[in-house]
Amino acid sequence: MHTYQTVDFVKEKHALWGSCNHKKMTVMEALSLLDNLVDESDPDVDFPNSFHAYQTAEGIRMAHPDKDWFQLVGLLHDIGKLMALDNEPQWAVVGDTFPVGCKFQKSIVYSDTTFKDNPDTRHSVYSTQYGMYEPNCGLENVLMSWGHDEYLYKVLKFNQCTIPEEGMYMIRFHSFYPWHTGGDYQHLCNEKDQNMLPWVREFNKFDLYTKTDEMPDVEILQPYYQNIIDKYCPRVLCW
């Protein structure tokens with residue numbers, strides 16, 4: 001539903017969700033709520049998202065046993081999808097993300113059909129290559145389409161969680177396929193983005209290729225991951 005992902009829409013969602021005043025709960029409580037959600041956009045998963053979270057985290061743990069923060073990112077990365085349980089339509093929660101406020105690139109999935117009624121395509125500024133941005137302004141200064149990536153990023157920042165910057169980039173941009181897979185939007189990227197790109201790509205290997213029918217034993221894994229949560233995202237968080 002790219003029709004509705006406009007600058008004005010995204011700003012409204014930032015105002016609605018960015019204050020993190022909807023719920024108070026721990027990371028584990030939030031993760032358990034994902035059992036009530038099946039992502040309609042993901043053809044590879046027909047079981048609750050919390051299981052995919054543990055699969056991703058365990059895949060990262062095997063490959064990067066020394067990076068507990070990376071393992072935590074695998075566990076957390078989809079928790080922002082909880083918005084769908086609070087009456088947000090799934091098109092504003094899941095799926096690929098892309099910048100708004102500048103010309104939509106062809107690398108965006110379904111770009112040839114789903115933007116035709118988006119009013120920003122007829123805006124005198126937003127329809128241009130750079131739109132409302134300066135060249136190489138950096139992705140941190142770009143307004144992305146609204147979804148679970150940006151929401152979780154805002155929650156973690158609001159609660160002053162201490163995940164390293166590489167992990168925060170993974171969380172914020174793992175659904176930005178036109179960039180990390182399509183190679184697009186280089187005209188908005190700065191040196192920091194280029195340095196972070198390999199980390200985002202490394203994360204996505206596990207996000208994509210750890211989805212199997214073998215269910216993780218959550219009860220056994222929980223104490224290990226609770227220790228990591230306590231290190232980087234302790235206490236009850238505001239959502």
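Applying the salt bridge (charged side-chain N to carboxylate O under 4.0 Å, His left out) test to every pair with at least one member in residues 88-113, sequence neighbours left out, gives these pairs: Lys13-Glu88. Residue pairs meeting the salt bridge (charged side-chain N to carboxylate O under 4.0 Å, His left out) criterion with at least one member in residues 176-193, sequence neighbours excluded: Glu140-Lys192, Glu165-Lys192. Identified under the salt bridge (charged side-chain N to carboxylate O under 4.0 Å, His left out) test for residues 220-239, with sequence neighbours left out: Asp68-Lys231. Counting only residues at least two apart or on different chains, the salt bridge (charged side-chain N to carboxylate O under 4.0 Å, His left out) pairs with a member in residues 49-61 are Glu58-Arg61.
Put simply, the side chain of Asn159 gets close to the backbone of Cys238: a donor and an acceptor are under 3.5 Å apart.
With sequence neighbours left out, Glu12 forms a salt bridge (charged side-chain N to carboxylate O under 4.0 Å, His left out) with no residue at all. Residues satisfying the ring pair (Phe, Tyr, Trp, His ring centres under 6.0 Å) criterion with His174, sequence neighbours excluded, are His77, His148, Phe203. The ring pair (Phe, Tyr, Trp, His ring centres under 6.0 Å) test applied to Phe9 returns Trp91, not counting sequence neighbours. The side chain to side chain contact (heavy atoms under 4.5 Å, CB included) search around Gln186 returns Trp179, Cys189, Gln194, not counting sequence neighbours. For Thr121, the side chain to side chain contact (heavy atoms under 4.5 Å, CB included) partners are Phe104, Phe115, Asn118, not counting sequence neighbours. Looking at residues two or more places apart in sequence or on another chain, you find a salt bridge (charged side-chain N to carboxylate O under 4.0 Å, His left out) between Lys23 and Asp86. Residues passing the side chain to side chain contact (heavy atoms under 4.5 Å, CB included) test with Pro198, sequence neighbours excluded: none. Under the side chain to side chain contact (heavy atoms under 4.5 Å, CB included) criterion, His14 pairs with Val10, Leu143, Trp146, Glu150, Lys154, not counting sequence neighbours.
Within a 6.0 Å sphere centred on OH of Tyr110, other residues, nucleotides and ligands contribute 12 heavy atoms or fewer.
The aromatic rings of Tyr169 and Phe173 lie tilted to each other, with the angle between the two planes from 30° to 60°.
Annotation for Leu156 and Ile163: closest pair CD1-CD1, 4.0 Å, computed over non-hydrogen atoms. Closest heavy-atom contact between Trp69 and Gly167: CZ3-N, 3.5 Å.
Side-chain polar atoms of Asp149 and Thr97 form no donor-acceptor pair below 3.5 angstrom.
Considering only heavy atoms from C-beta on, Met168 comes within 4.5 Å of Lys157 through its side chain.
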